[in-house]
Amino acid sequence: DASDEARSRRPQAGDQFAVVSGDGPVKLIKPDDIKLNAQQILVWPYDPEKKIPLNGSRLNQLLLIRLDPTILSDTEKPRAADGIVAYSAVCTHAGCDVAAWMPKEQLLLCPCHGSEYDPKDGGKAVFGPAPRSLASVPLKISDGVLAAAGGFIGRVGIAPMT
Ligand code: FES
């Protein structure tokens with residue numbers, strides 16, 4: 001129906017981010033919720049006008065993580081807000097959640113088959129079977145609100161079989 005459609009559109013500039021637990025309350029994410037070098041949190045884009053999370057499509061699931069802004073690559077720097085970066089949480093190998101964090105190496109890890117991605121450098125796939133980078137979402141913080149500065153950069157989801 002229309003509400004499913006509204007919840008399935010891809011993220012765009014101005015969207016905020018939310019954690020949704022089942023049918024429970026929607027919790028909007030504030031910049032302070034994301035701690036430096038802590039494990040990524042899995043979130044959904046949130047439409048602030050319609051006041052709905054965009055969780056109608058699994059491909060909209062994102063991860064947020066905060067890194068030291070000085071270690072971000074030149075590609076990543078302009079996409080970050082106070083060191084916070086956002087990526088698709090859908091592993092490009094077979095679509096598992098990229099849910100684990102390797103704090104020492106500062107790499108995102110997909111627990112299914114061990115693919116590793118570098119959040120400091122455009123979500124580049126650096127180890128394991130993942131064939132390409134995670135798509136990223138540029139961020140901004142205005143009036144203390146964390147929001148997308150644009151839509152996905154790069155392809156979301158798994159690579160087509162060849
Ligand atoms: Fe992530 Fe295979 S689905 S490594």
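Keep in mind it's a predicted model, so treat the numbers as computed, not measured. Note that ligands are numbered from 1 as they come in the structure, with each ligand's atoms numbered from 1 the same way.
Close contacts between ligand 1 and Ser115 involve ligand atoms 4 (S) [criterion: under 4.0 Å to a heavy atom]. Remark: ligand 1 atoms within the under-4.0 Å shell around heavy atoms of Cys96 are 3 (S).
For Cys112, every N, O or S atom stays at 2.8 Å or more from atom 1 (Fe) of ligand 1.
We find the CD1-CG distance between Ile141 and Asp82 to be 4.0 Å, quoted to the nearest 0.5 Å. Residue Trp44 holds its CH2 atom at 7.0 Å from CG of Asn60, rounded to the nearest 0.5 Å.
Within a 6.0 Å radius of NZ in Lys124, no more than 12 heavy atoms belonging to other residues, nucleotides or ligands are found.
When the N, O or S atoms of His113 are ranked by distance to atom 2 (Fe) of ligand 1, ND1 comes first. Summary: ND1 is the N/O/S atom of His93 found nearest to atom 2 (Fe) of ligand 1.
Sulfur-to-sulfur, Cys112 and Cys96 sit under 2.5 Å apart at their SG atoms.
Looking only at protein heavy atoms, the nearest one to atom 3 (S) of ligand 1 is Ala94 N, 3.3 Å.
Counting all heavy atoms, side chain and backbone alike, His113 lies closest to Pro129 at O-CD, 3.5 Å.
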